[in-house]
Amino acid sequence: MNADEKQNRLSARLPRGLDDRGPAEIAATRVMLDKIRVVYERYGFEPVETPAIEYTEALGKFLPDQDRPNAGVFSFQDDDEQWLSLRYDLTAPLARHVAANFDALPKPYRSYRHGYVFRNEKPGPGRFRQFMQCDADTVGSASPAADAEICMMAADTMEALGIPRGAYVVKVNSRKILDGVLESIGLGGYENAGRRLTVLRAIDKLDRLGVEGVRHLLGPGRKDESGDFTKGAGLETWQAGVILGIFRDGGDKGFDLIATSIALPDGKAVREASELYRAGSDELDEIRSLLLASDYGPDRIRIDGTVVRGLEYYTGPVFEVELTFPVQGDDGRPVRFGSVAGGGRYDGLVGRFRGEAVPATGFSIGVSRLMAALTHLGKVDARAPPGPVVVIVFERERIADYQSMVTALRNAGMRAELYLGAGKFGAQMKYADKRNAPCVVIQGSDERAKGEVTIKDLIVGAELAKLEKGRDEHLKNQAQAQRAVPQTQLVSAVAEVLARHGIAWT
RNA sequence: GCAGCUGUAGCUCAGUUGGUUAGAGCGCCUGACUGUGGAUCAGGAGGUCGGUGGUUCAAGUCCACCCAGCUGUACCA
């Protein structure tokens, strides 16, 4: 290689926030999605998928926050100059799908899907620019029963994934509660939309910054440790006091409703002052009684006033699933995973495509993030799955014979392959080891003369290899991990090894 | 975006107050030990020291700018 080639050589790098996935991770994801699917289908949801690319306008032009129309989204122009974007969640595309097929679909319409979504944001631990979500949505029902059901399903799913009751909690709140409180302190109306957003974002940080940190954000602003200053919402002290009053006990009230007794300066309670608040409160009341009727208590699902959810299209109840056990990172420090799933009611989303309002509620599991958490919990099998049986090519000119052994194994439903490389025996053993092969099939001249094949159990062999020191002892021990059988018994002998290690290929 | 920290081999890192040809461990490749993964032994590949410019007789080392990564913060529809 000359200097010029070196100059021009590509670096095999990946854009940040993106990751390749290996066999172990793929297998674990498949297992996880399968468990989720079983629960979703038990609740009557049917699979529907949409493409990863949509017209940009279909994804998000409904936002009141218009100052950054394209930030955070991967977008590009089609040859007719229409703007396209990679989906950033599965909800907006579903809304488009339902609107497009509205007349044909049964309503209410229950569906689920999983797929990659893309966000062009700064990545961090547990935050990627491509990650998988698994959603379920009910479109066409305004009933709180639809919301309650989503919550129950969220709880069931967590337990199906092996997270014990008490190690997770489904938190429920309503946008109407928060909006109602804001309305009651004079932040209602279109002209205050920006400030309401700032307030909601501040509340969302309650668990991280604490009450005092949020109080600063509601007022003039807050300076963090690095000296960076965050501009606040600029509320009066009494306004911030009313808002923070909701969260007096960290927001977690079990199944009790929030802020019923908070007093405004004129002596009225928030409940009396805001119709929105009453609507949200009634909604949560109904959800609660539905949950209790099915025995879903506060050990699984709770009402929590701190749940905000960033998505601006939520219009009513919002949900969030949080893991309650501490997780240690590789460096031993505790890791915050944030919420592993969330959702809510989005009554305005489908209606954008149609003249009429279409109520909808749904729920999304962050599969990638949840898997990272489950891995830390030891609920994910992080081992690479077993590789194929490797048939060693001993006498090069007899490759057809070896190929026929491979075929015999495959015909018996086993995963098997012929060694296709150029390596000698030792190299082929190393290859089989790296492939995680449970066993190899060997037929050299000795075996051929007797009409036999040698089956070597690599898993047993690996155990034996830990013991010895010298070369001679090593070979002697390795011989115990293998056994010669008549070639006619090739398939049954391999099957025996597989059975010994509980490997079932179907 | 803002702030702080960090960039030397595939990975983890040494590299003195600037001073010959930039090192180690692990990993990788080849070979030996009669046809066996491990161990051991012998050999090998792999780096314009993140980039550009500057100071200097001399820069991995000092200075400026840029780029990238990490952490925090903001944003996250």
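Computed from a predicted structure; not experimentally measured.
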> Can we say Glu417(A) and Arg410(A) salt-bridge, meaning some charged N sits less than 4.0 Å from an Asp/Glu carboxylate O?
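Not counted as a salt bridge, because no side-chain N and carboxylate O are separated by less than 4.0 Å.
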> Which value, in whole Å, describes the distance between the P atoms of nucleotides A42(B) and A24(B)?
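Their P atoms lie roughly 14 Å apart.
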> Rounded to whole angstroms, how far apart are CZ on Arg119(A) and C1' on C76(B)?
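That distance rounds to 7 Å.
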> Listing time: all N or O pairs from protein to nucleotides 31-35 of chain B that are below 3.5 Å?
residue: G35(B); atom: O6; partner: Asp446(A); partner atom: N; Å: 2.9
residue: G35(B); atom: O6; partner: Asp446(A); partner atom: OD1; Å: 3.2
residue: G35(B); atom: O6; partner: Asp446(A); partner atom: OD2; Å: 2.9
residue: G35(B); atom: O6; partner: Glu447(A); partner atom: OE1; Å: 3.3
residue: G35(B); atom: N1; partner: Glu447(A); partner atom: OE1; Å: 2.8
residue: G35(B); atom: N1; partner: Glu447(A); partner atom: OE2; Å: 3.1
residue: G35(B); atom: N2; partner: Glu447(A); partner atom: OE2; Å: 2.8

> Assign Asp204(A) to base, sugar-phosphate, or nothing according to its heavy-atom contacts below 4.0 angstrom with the strands shown.
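Asp204(A): no heavy atom of the nucleic acid under 4.0 Å.
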> Check Arg345(A) with Glu283(A), please: is the shortest side-chain N to carboxylate O separation under 4.0 Å?
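No.
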> Between Arg87(A) and Ser85(A), is there a side-chain donor-acceptor contact under 3.5 Å, judged purely by atom types and distance?
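Arg87(A) and Ser85(A) do not have a side-chain donor-acceptor pair below 3.5 Å.
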> Could you work out the separation of G1(B) and A39(B) based on their P atoms and round it to a whole Å?
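After rounding to an integer number of Å, I get 47 Å for this pair.
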> Decide, yes or no, whether a salt bridge links Glu473(A) with Lys476(A) under the criterion of side-chain N to carboxylate O below 4.0 Å.
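Salt bridge: no.
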> Can you tell me how far C1' in G44(B) sits from the matching atom in A59(B), rounded to whole Å?
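Between the two C1' atoms, the distance is 31 Å.
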> Taking ring-ring contact (aromatic ring centres under 6.0 Å, His included) as the definition, give me every residue that meets it alongside Phe319(A), ordered by chain and number, with sequence neighbours left out.
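Residues passing ring-ring contact (aromatic ring centres under 6.0 Å, His included) with Phe319(A): none at all.
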> Kindly say if His474(A) contacts the phosphate of U36(B), meaning a side-chain N or O under 4.0 Å from OP1 or OP2.
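False: His474(A) side-chain N/O out of range (4.0 Å or more) of U36(B) OP1/OP2.
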> Please state the P separation for the pair C66(B) and C28(B) - nearest whole angstrom.
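The same atom, P, in both gives a distance of 41 Å.
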> Can you classify the ring geometry of Phe74(A) versus Phe118(A) as parallel (below 30°), tilted (30 to 60°) or perpendicular (above 60°)?
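Phe74(A) vs Phe118(A) ring planes: perpendicular.
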> Does Lys456(A) contact G37(B) through a side-chain donor or acceptor facing the base, at a distance under 3.5 Å?
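When only heavy-atom distances are counted, Lys456(A) does reach the base of G37(B) through a donor-acceptor pair under 3.5 Å.
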> Indicate, yes or no, whether a donor-acceptor pair under 3.5 Å links the base of G72(B) to the side chain of Lys122(A).
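Checked by distance alone, the answer is yes.
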> Which one, A77(B), G38(B), C76(B), comes nearest to the side chain of Arg201(A)?
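From the listed options, C76(B) comes nearest.
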> Could you spell out the base pairing of RNA chain B as a dot-bracket line? Use Watson-Crick and G-U wobble contacts where both distances are under 3.5 Å, [ ] for crossing pairs, | for partners on a different strand.
(((((((..((((.....[...)))).(((((.......))))).....(((((..]....))))))))))))....
> With centres under 5.5 Å and planes under 30°, do Tyr313(A) and A77(B) count as stacked?
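Here the ring of Tyr313(A) and the base of A77(B) are not stacked, as the 5.5 Å and 30° limits are not both satisfied.
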> In this structure, how many angstroms lie between the P atom of U36(B) and the NZ atom of Lys476(A), rounded?
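One finds 16 Å between P of U36(B) and NZ of Lys476(A), rounded.
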> Say whether Asp89(A) and Tyr313(A), considering side chains only, have a donor N or O and an acceptor N or O under 3.5 Å apart.
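Judged by distance alone, the side chains do pair up.
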> For nucleotides U16(B) and G50(B), find the distance between their P atoms and express it as a whole number of Å.
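Per the computed distance, 14 Å lies between those P atoms.
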> Scan side-chain atoms only and decide if Asp137(A) and Tyr346(A) contain a donor-acceptor pair under the 3.5 Å cut-off.
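A pair is found: one side chain offers a donor N or O, the other an acceptor, under 3.5 Å apart.
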> Is a side-chain donor-acceptor pair under 3.5 Å present for Ser339(A) with Glu322(A)?
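There is no such pair (donor and acceptor under 3.5 Å, judged by atom type) between the side chains of Glu322(A) and Ser339(A).
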> Under 4.0 Å between any heavy atoms, over every strand shown, what does Lys205(A) touch: base, sugar-phosphate, or nothing? Just pick one.
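The answer is sugar-phosphate, as Lys205(A) gets under 4.0 Å only of primed atoms, P, OP1 or OP2.
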> Taking atom types as modelled, find out whether Arg398(A) and Gln443(A) have a side-chain donor-acceptor pair closer than 3.5 angstrom.
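Looking only at side-chain atoms, Gln443(A) and Arg398(A) do form a donor-acceptor pair, the distance falling under 3.5 Å.
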> Scan Ala462(A) against the nucleic acid and name what it touches under 4.0 Å (heavy atoms): base, sugar-phosphate only, or nothing.
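The residue Ala462(A) makes base contact.
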> Please state the C1' separation for the pair G15(B) and C49(B) - nearest whole angstrom.
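Their C1' atoms lie roughly 10 Å apart.
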